[in-house]
Participant: 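Take this structure first; my questions come after.
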Amino acid sequence: MKTLPRLLAFAVALPLACGGSGSEGTSPGDAAAGQTGASGGGGKAAAGAGGAGAKAGASGVGGAKAGASGAAAQAGSAGKAQAGQAGTAGAGGGAGGGAGVSGGAGASGGAGASGGKAGQAGASGGGQAGAAASAGASGAAGTAGAAQPTPLSLVITPGSATITVVDGKAATQSYTARVVYSDGSIGQPLGDATWKISPGSFATIGAGGLVTASGKSGGEETVVATWKGLTADTKLTVKIQTTLGAGDVPPGSQTKLDTPTGSGGGPLLYPYDESIFPRGLSSPRVMWTHTPGEELAFTFTSAFTSIKAYSKPSQGAFTLPEDVWTGLLESGKGGPIQFRVTSLAPGAPGATEIAKQTWHAASGALRGTVYYWAINTGRVMRIKPGQQAEDFLQPQGMACPSCHTVSANGKSLIMNVGNWPQESSYNFDLLGQSTTYSGYPSGGSGASRWAQAAISADGAVLVQNFSPIRGPVGVDTGAFDAVTAQPIPSSGLEGKQLHNPAFSPDNKLLAYTQGSPGALAVMDWDPVARKATNERVLVQPGADPKLSWILFASVTPDHKWVVYQRGSALGSVGSVGNLYMASVENPGVEIALDSLNGASYPFAAGARDRDLNFEPTIAPQAAGGYYWIVFHSRRTYGNALTGQASCGEGCGTKQLWLAPIDQSPAAGKDPSHPAVWVPGQELTTLNMRGYWALDACKDEGAGCGAASECCTGLTCLPSTNKCGTPPDQTCKPTGAKCGSANECCGFADGYQCVNGFCTEPKP
């Protein structure tokens, strides 16, 4: 007879079983069923799957009991038990009364101790049924096969965390993942979990769950662990704390600047309170009225960033380093920035808070290029957000390019070329860097037919402008092929003299003025049939002579609104000008863009800076929940550009400014916001007529910063910052081309498809 292995905590009685030999249970965790079989007397007991144990009588009683968690147990022909009940051996098997013990008579074999296979028990004797069960882990006799807890989920520790990058020094956070079992227990840290971090904009994570943040921007990340099909995640907050210029100001002065005892000094000269800065725009030049010898502290505080800069400047101007400014704008998803300036004058006992403002970081980036005219140098220039102005036509040898327009897709630049009054009409292909049309010489009259003409969004169709900007300009009514200059038959525009016409960026609307002065009107445009229909008036000139001239219409990317200038005359020399917005869907609805115009803003220059806003154009893409307008103004630019507003066409102040308008205007509320100066311009030039256009799309493998820069079917891959095919992407990222809003990632959170591009909502 075999002896029971030494796995039992206590001795167990073993009734004898007639039939075969016994076998031990297998390893824990195996869920097979065990059974007792007999070949002599016919008695058998079946145990259920899932690690059910069998109990055997231990007090000398001849019967055998078998338990199951999902099957019936039988013994002989007289006893039967259903699942989960005890079965008692019947008389037909001839149960014996001997107690089976280790080394005793009867079957050897036991059930698994902790949820493994139920052991088989048998005997070579006759007519007696019995089973031996090894004791469980607790040492209790007679219990076999206790169920092992199963993995239910993962848990990550810590549950949430915040790390702070101080002055660029990398900060880390270690994470562990553990298994939560069905009995509520939690296992040891897993060494083979897979880790990732999303969106990965502010930190990285290693294979062992170690997060490292070392960048300039902060925000929220989601840390994700995966193990054998189980997944868990937790939130990580990354904050940035930066101190600049500490060596420029003594520690004692720093303490006073950090805890000012007074306030005053009037408004900042620039920027304006409540300004909104889009991503990609260069750091603003902060300007104030300077006191010689003063020491200052500038603080910029947002939800994830705290920046303090000490300075002892020689003039009233300060600019935050570009990398630090970029990190501030790109932290989180945008939002408020609290800005403060404190000053410590020489010999003063305490510091004074001289300015306190709220700025806003937009959640989106400006994309594309602004083409403008530097009128006093006679050049068409261009400027990209974050870059310096470029005289890009200079290599072409073009003399005095002027009076330009640009197609929204960035393909066609329509302009005059030549020294006035000897001018000709040009179509310059911005993508191919070549002239595709030149003609209509003025013959000394200055009447170049394509001066400030409308060009369709795809660069294919041109409509002449009849507004007398410098004497007669437009000559031919109708629509024309922009490359061949041939008339397009039955365009619906024959006989109509349109003043300052403009196509919408989505190529579905044509806006213009019906004379000078005249009413603002629109027509629907079919880019396939190349035909205009359904003319209707949006707003009338009005009786106020200071506002009766409606000029320079520009249409929002979704063609729902038209932005335009109201003024006292054509042009901006000595005239009044302010910007307005009219509804295309509800004719007669007109909104004064007072915040953009600065109608009630406490300008440091006072009334001198009011009513000096002209020639708006709108960016083809919405960004951050806003439409973006570039216009020129004769207002002052802090202490960097002052003097007369105008003293003739070639002197005074004249610069490009940028302002956002709410993408979804609320009824009865001004949707505009204060303007910011467009960085990169030359302060020595008088800049006007800014036209915003998209850049040429980039092919696969080209470097990129946003999905909108890539050609159709491609996106900007975050892993390489290059255009490529989306890897199993189920939604389209911000800036990617789209057909409807539900294609865009974040659609449920307010992301929209505007003019064929996914765009983010306000912060």
Side-chain angles (χ1 to χ4, degrees), residues 25-33 48-53 69-70 112-118 136-138 144-165 170-215 217-239 304 332-333 715 717-721 724-731 733 745-746 748-749:
T26 59
S27 61
D30 197 340
S69 62
S114 59
K117 292 180 179 179
S138 63
Q148 179 177 348
T150 57
L152 287 184
S153 61
L154 294 184
V155 61
I156 297 176
T157 53
S160 62
T162 298
I163 58 178
T164 302
V165 178
T172 61
Q173 173 65 56
S174 181
Y175 285 91
T176 58
R178 292 177 170 86
V179 178
V180 178
Y181 290 96
S182 56
D183 63 354
S185 63
I186 299 177
Q188 294 298 309
L190 296 170
D192 56 348
T194 300
W195 295 91
K196 68 177 183 178
I197 194 166
S198 178
S201 302
F202 316 111
T204 59
I205 193 166
L210 180 66
V211 170
T212 302
S214 57
S217 57
E220 289 186 343
E221 297 278 9
T222 300
V223 176
V224 181
T226 303
W227 180 80
K228 294 186 178 181
L230 300 177
T231 299
D233 61 73
T234 187
K235 294 296 182 182
L236 169 69
T237 300
V238 178
K239 293 192 173 184
F304 303 102
K333 296 181 179 179
T715 190
L717 301 174
S719 58
T720 61
N721 289 326
T725 303
D728 301 325
Q729 191 166 286
T730 58
C731 63
C745 301
D749 298 323

Participant: What side-chain donor-acceptor pairs closer than 3.5 Å can you find for residues 178-187, not counting sequence neighbours?
Facilitator:
unit_1	atom_1	unit_2	atom_2	d
Arg178	NH1	Thr157	OG1	3.3
Arg178	NH1	Thr176	OG1	3.2
Ser182	OG	Thr150	N	2.9
Asp183	OD1	Ser185	N	3.0
Asp183	OD1	Ser185	OG	2.6

Participant: Measure the spacing between OG1 of Thr237 and NZ of Lys235 and express it to the nearest 0.5 Å.
Facilitator: 9.0 Å
Participant: Quick one: side-chain contact (heavy atoms from CB on, under 4.5 Å) partners of Ala170, sequence neighbours excluded?
Facilitator: Thr212, Ser214
Participant: Show the nearest heavy-atom pair for residues Ala232 and Ile156, with the distance to one decimal.
Facilitator: O-CD1, 3.3 Å
Participant: Measure the CG-OG1 distance between Asp233 and Thr222 for me, rounded to the nearest 0.5 Å.
Facilitator: 6.0 Å
Participant: Closest approach of Ile163 and Ala171, non-hydrogen atoms and distance?
Facilitator: CD1-O, 3.9 Å
Participant: Residues two or more places apart in sequence or in another chain: which of them pass side-chain contact (heavy atoms from CB on, under 4.5 Å) with Lys333?
Facilitator: none
Participant: Please set out all donor-acceptor pairs under 3.5 angstrom arising from side-chain atoms of residues 190-211, sequence neighbours excluded.
Facilitator:
unit_1	atom_1	unit_2	atom_2	d
Asp192	OD1	Trp227	NE1	2.9
Asp192	OD2	Trp227	NE1	3.3

Participant: What's the shortest heavy-atom distance between Ala213 and Val165, and which atoms?
Facilitator: O-CG2, 3.3 Å
